[in-house]
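To start, the structure itself, in structure tokens.
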Amino acid sequence: QVQLVESGGGSVQAGGSLRLSCVASGDDWTTYCMGWFRQAQGKEREGVASKYPRSLITSYAESVEGRFTISQDNAKNTLYLEMNDLKPEDTAVYYCAAARVIGPHYTACQEYEVTDFGYWGQGTQVTVSS
């Protein structure tokens, strides 16, 4: 069982930046695949970035590659999503999520889908104006 609480959302102009935080508690979250997702109104939830906290390997959606960075602070039990050069199409509710790792740890997060993530935060709204 992992509990996740997001914060840091808000309204920003296009080209601006925001940093989202996700505080984890409960089980050792560093043994889970951690991901950021977003869902715009009328759209399906989509993956934004993922990371296995015990690995340096990260993964990003093409739409955010080079603009967003997923990172962590283990001492603070916190996962971050740094968002730069925000665009109106980034407007969505952003969620952090955790998935149990299946198989060897070096495969953690590989080919994981939304349904693989069993633990979710409450979401935080990000609105980007043009």
Side-chain angles (χ1 to χ4, degrees):
Q1 178 80 284
V2 177
Q3 294 80 47
L4 306 171
V5 179
E6 304 102 326
S7 63
S11 298
V12 64
Q13 292 183 318
S17 299
L18 285 172
R19 187 180 73 167
L20 306 184
S21 299
C22 175
V23 178
S25 61
D27 286 352
D28 183 0
W29 64 281
T30 67
T31 67
Y32 289 73
C33 171
M34 300 298 297
W36 285 98
F37 295 79
R38 66 187 182 187
Q39 186 167 22
Q41 287 192 344
K43 304 293 184 180
E44 294 187 345
R45 191 167 299 186
E46 64 176 350
V48 175
S50 65
K51 183 181 188 296
Y52 182 54
R54 299 192 175 190
S55 171
L56 297 177
I57 300 174
T58 58
S59 181
Y60 298 93
E62 290 185 1
S63 59
V64 306
E65 182 74 49
R67 298 189 297 121
F68 290 11
T69 302
I70 187 171
S71 62
Q72 69 203 66
D73 186 334
N74 290 4
K76 296 182 178 179
N77 295 128
T78 301
L79 182 76
Y80 299 102
L81 183 68
E82 181 72 34
M83 304 184 294
N84 297 311
D85 191 25
L86 283 161
K87 306 176 184 297
E89 51 263 43
D90 294 319
T91 295
V93 176
Y94 283 71
Y95 301 87
C96 65
R100 290 183 179 272
V101 174
I102 305 298
H105 286 187
Y106 66 83
T107 67
C109 297
Q110 294 184 11
E111 299 183 18
Y112 283 26
E113 300 179 359
V114 173
T115 54
D116 293 316
F117 290 79
Y119 306 98
W120 295 83
Q122 81 288 350
T124 185
Q125 176 72 47
V126 171
T127 302
V128 184
S129 60
S130 60

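Since the model is a prediction, treat every value here as computed from it, not as a measurement. No hydrogens, no waters, no symmetry mates; every other heavy atom, side chains included, goes into these values.
- The minimum heavy-atom distance between Val114 and Arg45, with the atom names listed, is CG2-O, 4.0 Å.
- If you look at Phe117 and Phe37, their ring centroids are closer than 6.0 Å.
- Residues Leu86 and Tyr60 fall within the same hydrophobic cluster, defined by Ile, Leu, Val, Met, Phe, Trp and Tyr side chains chained together at heavy-atom separations under 4.5 Å.
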Before giving the answer on side chain to side chain contact (heavy atoms under 4.5 Å, CB included), spell out for Thr58 and Phe68 the whole-Å C-alpha distance, their side-chain angles and the decisive distance to 0.1 Å. CA-CA 11 Å; Thr58 58; Phe68 290 11; over 6 Å; no
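- The aromatic rings of Tyr52 and His105 sit perpendicular to each other, their planes meeting at more than 60°, with 30° as the lower class boundary.
- Atom CZ of Arg100 is separated from atom SG of Cys33 by 13.5 Å, given to the nearest 0.5 angstrom.
- Across Ser21 and Thr78, no two heavy atoms sit closer than the pair CB-CG2, 4.0 Å.
- Note: Gln39 CD to Gln125 CD = 11.0 Å, rounded to the nearest 0.5 Å.
- Linking Ile, Leu, Val, Met, Phe, Trp and Tyr residues whenever their side-chain heavy atoms come within less than 4.5 Å leaves Tyr112 and Val48 in two separate clusters.
- With a 4.5 Å cut-off on side-chain heavy atoms, Val126 and Leu20 count as touching.
- Looking at Asp28 and Arg54, their side chains come closer than 4.5 Å, going by heavy atoms from C-beta outward.
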Stepwise, does the side chain to side chain contact (heavy atoms under 4.5 Å, CB included) test hold for Trp29 with Val23? CA-CA 10 Å; Trp29 64 281; Val23 178; over 6 Å; no
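- Within the model, atoms CD of Glu111 and OG of Ser59 stand 11.0 Å from one another, a figure rounded to the nearest 0.5 Å.
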Could you please spell out the steps behind the side chain to side chain contact (heavy atoms under 4.5 Å, CB included) verdict for Val93 and Glu6? CA-CA 11 Å; Val93 176; Glu6 304 102 326; over 6 Å; no
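- For Tyr119 and Asp27, the side-chain atoms include no donor-acceptor pair closer than 3.5 Å.
- The structure places OG1 of Thr30 at 9.5 Å from NZ of Lys51, a figure rounded to the nearest 0.5 Å.
- In this structure, Trp36 and Leu79 approach most closely via the heavy-atom pair NE1-CD2, 3.4 Å.
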Checking side chain to side chain contact (heavy atoms under 4.5 Å, CB included) for the pair Leu4/Met34: CA distance, chi angles, key distance, verdict? CA-CA 11 Å; Leu4 306 171; Met34 300 298 297; 4.0 Å; yes
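- For the atom pair Tyr80 OH and Gln72 CD, the distance stands at 10.5 Å (nearest 0.5 Å).
- Closest heavy-atom contact between Thr91 and Val128: OG1-N, 2.9 Å.
- Of all the heavy atoms in Ala49 and Leu81, the pair that sits closest is CB-CD1, 4.3 Å.
- What you find for Ser130 and Pro88 is that their closest heavy atoms are CB-CG, 3.8 Å.
- Both Ile70 and Leu18 belong to a single network of hydrophobic side chains, linked directly or stepwise wherever heavy atoms of I, L, V, M, F, W or Y lie under 4.5 Å apart.
- Taken to the nearest 0.5 Å, the CZ atom of Arg19 stands 11.0 Å off from the CE atom of Met83.
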